[in-house]
There are 2 protein chains.
Amino acid sequence: MAQYTFRTRSSDCPYELAIGLVSGRWKPRLLEVLKDETLRYGDLKERLKPVSDKVLSAALDDMTRNGLISRTAFAEIPPRVEYALTPQGESLLEALGPLRDWARTENGR
Amino acid sequence: MAQYTFRTRSSDCPYELAIGLVSGRWKPRLLEVLKDETLRYGDLKERLKPVSDKVLSAALDDMTRNGLISRTAFAEIPPRVEYALTPQGESLLEALGPLRDWARTENGR
DNA sequence: CAGGATCCAATGAGATACTG
DNA sequence: CAGTATCTCATTGGATCCTG
């Protein structure tokens, strides 16, 4: 994974780097729903319920460029595109586990 | 810890909740520098080098309201204010550990 | 010393409409 | 089906100046 881009780079801070990769309203959920499952654009859109096309495709694009998600387009009509987690995406999701647990505990969920 | 506020709340997602607490350019670092140490405003400003007053005080305020940081003001002249991690702040920092490690590994640092 | 007040630029998110 | 194009609005980060 070569380069991450940030508006204001001070990414000598690893926290910031990792957080930057998943901050955005839909990114953590994208990782989650893609766990163990390859999904098409329409599936993702349905699972993330009220997301707009623009925001979803931007998030997918971001995460694809950052190597967290793989994108496979089939040359068919109608078009079909499948998204899945890459190994990096999977390990990032795992690394997020403690954070999720913390939130659940502190928030009493 | 009662309530977190988000622009667009869909915080039925724990990831999003925890990430929201530490997204912001300086927040992860604030947690880090306050580990094991109580610091004054000026100390923090120095350690976070090129941060502006507005952004630093906003971050401190945020995190204080969210119960991650404690703020103690002394009624003296000149004013003195000390910041420290709360237990929640400490446990959040720990929960961020795997994320930091992930970033270091994936980024080869 | 520890900030609040103000102003600005850049980014993020959403709604809607349109297309190969 | 899987997006892109446009537009709008809210939030973020930063610079600068000011103050109890």
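Only heavy atoms go into these numbers, but all of them, side chains included; no hydrogens, no water, no symmetry mates. Proteins get letters first, then strands, A, B, ... in listed order; numbering begins at 1 in each.
- Taking atom CG of residue B/Asp62 and atom P of nucleotide D/dT11, one finds them 13 Å apart after rounding to whole Å.
- At a cut-off of 3.5 angstrom, counting only N and O atoms as typed in the model, there is no donor on one side facing an acceptor on the other between the side-chain of B/Lys54 and the base of C/dG4.
- The distance between atom CG of B/Leu44 and atom P of C/dA2, rounded to the nearest whole Å, is 9 Å.
- Here the side chains of A/Asp53 and A/Lys45 are in contact, with some heavy-atom distance below 4.5 Å.
- When the P atom of C/dC1 is taken as reference, atom OH of B/Tyr83 falls 15 Å away, rounded to whole Å.
- Ionic pairing of A/Lys35 and A/Glu94 is not present here: no N-O contact between side-chain nitrogen and carboxylate oxygen is shorter than 4.0 angstrom.
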Secondary-structure string, 5' to 3', Watson-Crick or G-U under 3.5 Å, | for another-strand partners, for DNA chain D | ||||||||||||||||||||

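- No contact: B/Phe74 has no heavy atom under 4.0 Å from any strand.
- Checked against C/dA13, D/dC17, D/dG3, the side chain of A/Arg71 finds its nearest nucleotide in D/dG3.
- A/Val81 places a side-chain heavy atom less than 4.5 Å from the side chain of A/Arg71.
- If you measure from atom CE of B/Met63 to atom P of D/dT12, you get 14 Å, rounded to the nearest angstrom.
- Between B/Met63 and the options B/Leu21, B/Leu68, B/Thr86, a side chain to side chain contact (heavy atoms under 4.5 Å, CB included) holds for only B/Leu68.
- Base engagement by B/Val55 is indicated by at least one non-hydrogen atom pair under 4.0 Å involving a base atom.
- Nearest-nucleotide positions on DNA chain C place A/Pro50 closer to the 5' end than the other of A/Pro50 and A/Pro79.
- In this model, the phosphate group of D/dA2 is approached by a side-chain N or O of A/Arg40 to a distance below 4.0 Å at OP1 or OP2.
- For the pair B/Asp62 and B/Lys27, the salt-bridge criterion is met [side-chain N within less than 4.0 Å of a carboxylate O].
- Looking at heavy-atom distances under 4.0 Å, A/Lys45 makes no contact with the nucleic acid at all.
- Regarding B/Lys27, its NZ atom lies at a distance of 14 Å from the P atom of D/dT11, rounded to whole Å.
- Atom CD of A/Glu82 is separated from atom P of D/dG3 by 12 Å (rounded to the nearest Å).
- The distance between atom CG of B/Leu56 and atom P of C/dC1, rounded to the nearest whole Å, is 15 Å.
- No side-chain donor from either of A/Asp43 and A/Tyr83 sits under 3.5 Å from a side-chain acceptor of the other.
- Looking at the side chain of A/Tyr41, the nearest of the listed nucleotides D/dG14, D/dG3, C/dG3 is D/dG3.
- D/dG13 atom P lies 12 Å from atom CG of B/Leu30, rounded to whole Å.
- More than 12 heavy atoms of other residues, nucleotides or ligands lie within 6.0 Å of CD in B/Glu82, so this atom counts as buried by the packing criterion.
- For the pair A/Pro78 and A/Ser57, both in contact range of DNA chain D, the more 5′-proximal nearest nucleotide belongs to A/Pro78.
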